[in-house]
2 protein chains.
Amino acid sequence: MSDTHTDVPSVISAPLPIPVPLDEQLACPVGDVLRRAGDRWSVLILVLLGRRSYRFNELHRSIEGISQRMLTRTLRGLERDGLASRTVHPTVPPTVEYDLTPLGRTLLEPLSTLADWAVRHGPEIAAARADHDTHDRANPG
Amino acid sequence: MSDTHTDVPSVISAPLPIPVPLDEQLACPVGDVLRRAGDRWSVLILVLLGRRSYRFNELHRSIEGISQRMLTRTLRGLERDGLASRTVHPTVPPTVEYDLTPLGRTLLEPLSTLADWAVRHGPEIAAARADHDTHDRANPG
DNA sequence: CTGCATCCCGTGCGATACTG
DNA sequence: CAGTATCGCACGGGATGCAG
């Protein structure tokens, strides 16, 4: 953890065939995870479920701006990837409980590493963005 | 780094106002970074530039399947966020060199953490996905 | 309560063609 | 070499309505 020395282990610094082949890109699980994390709701839901289990409408009420459609779709996606679990309790009004799977729980760690970076360097990004927009054109639209 | 004990530090486990307000979501730099990382090309370009500087067509040749349009747009995006730098050398055939900024370089670390997780747990995700698709319906298409 | 179906829009992304 | 312009498709994502 020295100062200017950025030691990057693992995959990122691993040798890479050039040109990076299409197969490699599509088959790579990194792309999968990145896409998941990149959508608008998955990470937020992951974080909420990381604290406790939620029911459907409870999640719906807990996330301002999400539609039922996207909540359903996102949960299905997380479930499909083995990150969240869906438990149906056969009560008279149906009750469905969502939890994080052990796998999903392990994802919180690397996610928090990235989130931490984002929070730390958010101002720098905002500044760079403002600077770029100002110098490039007067009215960014 | 114990076995089943997942200790999640920082942002992810920080207190969160419920319901999570829309402003919070849009203003949050985490969302920004996640979106960037979630697009198809940014991370790959970040990784390449992390090794050495590249020229435009050199990048174009190094990434199979990317269009000029998306290469330009992605590089502009990275540049706008202060993650990559663009240097024009006033030679007779114009030469443009792309590099990682110090900021961009620091992003490689948390990114590699996530990438590492993806590679480690990729099989589990694939298995869960196959299992889900099989049990849910015979023909997923 | 928990969801699926339908309609619609914005945009990410690729293909192609053209310019300094 | 290093881009820009235009087109078109696919998909994420919101609004609304219906159903078990």
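Letters go in sequence order (proteins before strands), and every chain restarts at 1.
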With [X], which residues qualify under side chain to side chain donor-acceptor pair (under 3.5 Å), at least two apart?
X	result
A:Glu79	none
B:Arg40	none
A:Arg80	B:Asp133

Study note, to complete from the structure: Residue pairs passing the side chain to side chain donor-acceptor pair (under 3.5 Å) test with at least one member in residues 42-54 of chain B, sequence neighbours excluded, are B:Arg36-B:Ser42, B:Asp39-B:Ser42, B:Arg52-B:Glu58, B:Ser53-B:Glu97
Check your understanding: Taking only residues at least two apart or on different chains, which pairs with a member in residues 67-78 of chain B satisfy side chain to side chain donor-acceptor pair (under 3.5 Å)?
Key -> none
Revision key, fill the gap. Whether each nucleotide of nucleotides 7-20 of chain C has a protein heavy atom under 4.0 Å at its base (B), only at its sugar-phosphate (S) or at neither (-) is summarised, 5' to 3', as ------BBB-B--B
Study note, to complete from the structure: Separation of C:dG3 atom P from A:Leu59 atom CG, nearest Å, is 11 Å
Under 3.5 Å, sequence neighbours excluded: what are the donor-acceptor pairs made by side chains of residues 20-32 of chain B?
from    : atom 1 : to      : atom 2 : distance (Å)
B:Gln25 : NE2    : A:Glu64 : O      : 3.0
B:Gln25 : NE2    : B:Val20 : O      : 3.2

Review point. Considering the terminal five base pairs at each end of the helix from C:dC1-D:dG20 to C:dG20-D:dC1, what angle separates the two local helix axes, rounded to 10°?
Key: 40°
Exercise for review: Name every residue in residues 50-58 of chain B that has at least one heavy atom under 4.0 Å from any atom of DNA chain D, in order of residue number, or write none if there are no such residues.
Suggested key: B:Arg55, B:Phe56, B:Asn57
Review point. Does any pair with a residue in residues 77-124 of chain A pass ring pair (Phe, Tyr, Trp, His ring centres under 6.0 Å), and if so which ones, sequence neighbours excluded?
Key: A:Trp117-A:His121
Revision key, fill the gap. With sequence neighbours left out, the residues meeting side chain to side chain contact (heavy atoms under 4.5 Å, CB included) with B:Val88 are B:Arg86, B:Val96
Study note, to complete from the structure: chain A vs DNA chain D, heavy-atom contacts under 4.0 Å, first-to-last nucleotide span, 5' to 3', is D:dG12 to D:dG20
Check your understanding: For A:Leu108 and A:Leu46, which heavy atoms make the closest approach, and how far apart are they?
Key -> CD2-O, 4.0 Å
